[in-house]
Amino acid sequence: MADKPSTASGYEAIFAETVRRGCLTLISHAYDLRDYLVVVGGLVPGLLIQVLPEGASPHVGTRDLDIGLQVAILEGGFYQDLTARLRSAGFRADEEDGRLIFQRWRLDHKGLRLTVDFLIEPTVQASESKKKKNILNIEQDFAAILTPGLELAFRDRVEVVLTGQTFQGDQLTRPLPVC
């Protein structure tokens, strides 16, 4: 993925709209697992504040989707269910300079591209043998960025309703947890 823009002018509205569509695509495939997920990052301001006060400047936007994973997803194989569904929807590990990035997955569909960063709180389960550069390897091709404090996103999350089109063009309305 290209470096993040250093100014607001580097974020075009099409990026945020692509991320919104991608978020609906992802949540539609993992809807019953949403208790283990929380949307964090650059998409959140526009989801939480959908009508700005007069004269307020909008959030600059985002180019990717950040999904927090609750530690409980590691128990009972829920992450395997999540990754199987994402793979069947066309998501796969992203690639950069010829190497796979397992904590960042992407979806390409008809000229649209979404990248998703997966985050998880550090726990005892993230033993030294699994840690590498603050990454927890969960499956052979799936990992998450160890993110101290992420448990607060689950404690303080709220549910918002997102309406729009998925990458496949389906019109959906879905509640989703955000923080």
Side-chain angles (χ1 to χ4, degrees), residues 1-5 11 15-16 18-50 59-87 89 91-94 96 99-107 114-162 174-179:
M1 186 171 132
D3 291 332
K4 292 188 178 192
Y11 289 92
F15 296 139
T18 298
V19 174
R20 288 174 69 90
R21 289 181 73 173
C23 185
L24 271 171
T25 302
L26 186 145
I27 203 69
S28 71
H29 289 280
Y31 188 70
D32 60 323
L33 297 172
R34 70 189 178 282
D35 289 343
Y36 302 102
L37 311 173
V38 64
V39 178
V40 295
L43 183 61
V44 173
L47 294 174
L48 290 176
I49 303 170
Q50 296 183 15
H59 181 263
V60 294
T62 187
R63 289 180 160 211
D64 67 354
L65 178 60
D66 299 308
I67 298 289
L69 303 173
Q70 191 172 50
V71 171
I73 202 166
L74 299 174
E75 302 164 5
F78 293 117
Y79 66 88
Q80 293 167 327
D81 195 20
L82 173 66
T83 57
R85 292 178 195 195
L86 294 180
R87 284 184 198 100
F91 287 88
R92 66 183 191 285
D94 198 9
E96 186 174 287
R99 68 181 174 90
L100 293 174
I101 310 295
F102 301 127
Q103 69 274 12
R104 185 175 68 218
W105 280 30
R106 78 181 205 208
L107 176 63
L114 172 72
T115 58
V116 182
D117 288 323
F118 292 98
L119 317 168
I120 196 164
E121 69 182 89
T123 68
V124 174
Q125 294 162 318
S127 66
E128 288 303 317
S129 64
K130 291 185 175 182
K131 281 189 198 181
K132 183 180 179 186
K133 296 185 179 182
N134 294 321
I135 303 296
L136 175 63
N137 294 309
I138 300 171
E139 280 188 333
Q140 181 178 349
D141 66 343
F142 182 60
I145 302 164
L146 294 170
T147 309
L150 186 64
E151 67 276 7
L152 299 175
F154 285 93
R155 185 192 72 191
D156 297 336
R157 67 184 172 180
V158 296
E159 193 170 88
V160 299
V161 176
L162 182 58
R174 290 284 186 269
L176 45 106
V178 303
C179 187

task: Working to the nearest 0.5 Å, report the span between CG of Leu119 and CD of Gln103.
output: 9.5 Å
- prompt: Given side chains that start at C-beta, do those of Leu74 and Leu136 come closer than 4.5 Å, heavy atoms only?
  reply: yes
statement: Note: Pro122 and Leu146 closest approach over all heavy atoms is CA-CD2, 4.0 Å
query: Side chains of Val158 and Leu48: does their closest heavy-atom pair fall under 4.5 Å?
result: yes
message: Go through it in stages, so that I can follow the logic: the residues are Leu176 and Leu47, the test is side chain to side chain contact (heavy atoms under 4.5 Å, CB included), and I'd like the CA-CA distance, side-chain angles, deciding distance and then a yes or no.
response: CA-CA 10 Å; Leu176 45 106; Leu47 294 174; 4.1 Å; yes
field: Asp66 and Leu43, any side-chain heavy atoms less than 4.5 Å apart
entry: no
task: Go through the steps to decide whether Leu37 and Leu82 satisfy the test side chain to side chain contact (heavy atoms under 4.5 Å, CB included), and finish with yes or no.
output: CA-CA 10 Å; Leu37 311 173; Leu82 173 66; 4.2 Å; yes
query: In Å, rounded to the nearest 0.5 Å, how long is the span from OG1 of Thr115 to CG of Leu107?
result: 10.5 Å
message: For Thr18, is there any backbone N or O sitting under 3.5 Å from a side-chain donor or acceptor partner on Arg21?
response: no
query: What's the spacing between Ile120 CD1 and Ile67 CD1 if we round to 0.5 Å?
result: 13.0 Å
- prompt: Does Tyr36 have its ring centroid less than 6.0 Å away from the ring centroid of Tyr79?
  reply: no
- prompt: Below 4.5 Å, heavy atoms only, C-beta onward: do Leu24 and Arg174 meet side chain to side chain?
  reply: yes
- line: Minimal heavy-atom distance between Val38 and Cys179, with the atoms involved, is CG2-N, 3.8 Å
message: For a 4.5 angstrom cut-off between non-hydrogen side-chain atoms, does Thr83 reach Phe91?
response: no
query: Quick one: does NZ or CZ of Arg157 land under 6.0 Å from the six-membered ring centre of Phe154, within 45 degrees of the ring axis?
result: no
task: Considering non-hydrogen atoms only, spot the tightest contact between Val40 and Ala153 and give its length.
output: CG1-CB, 4.0 Å
message: Please determine whether the number of non-hydrogen atoms from other residues, nucleotides or ligands lying under 6.0 Å from atom CD of Gln140 exceeds 12.
response: no
query: In Å and rounded to the nearest 0.5 Å, what is the CG to CG distance from Asp81 to Asp32?
result: 6.5 Å
- prompt: When rounded to the nearest 0.5 angstrom, what distance separates CG in Leu69 from CD in Glu121?
  reply: 10.5 Å
Test item: Arg92 and Arg106 side chains (from C-beta on) under 4.5 Å apart, heavy atoms: yes
message: Between Arg104 and Asp64, is the salt bridge (charged side-chain N to carboxylate O under 4.0 Å, His left out) condition met? List the steps.
response: CA-CA 10 Å; Arg104 185 175 68 218; Asp64 67 354; over 6 Å; no
- request: Return the minimal non-hydrogen interatomic distance between Phe102 and Ala93, and the atom names on each side.
  value: CD2-CB, 3.8 Å
query: When rounded to the nearest 0.5 angstrom, what distance separates CZ in Arg85 from CG in Leu26?
result: 11.0 Å
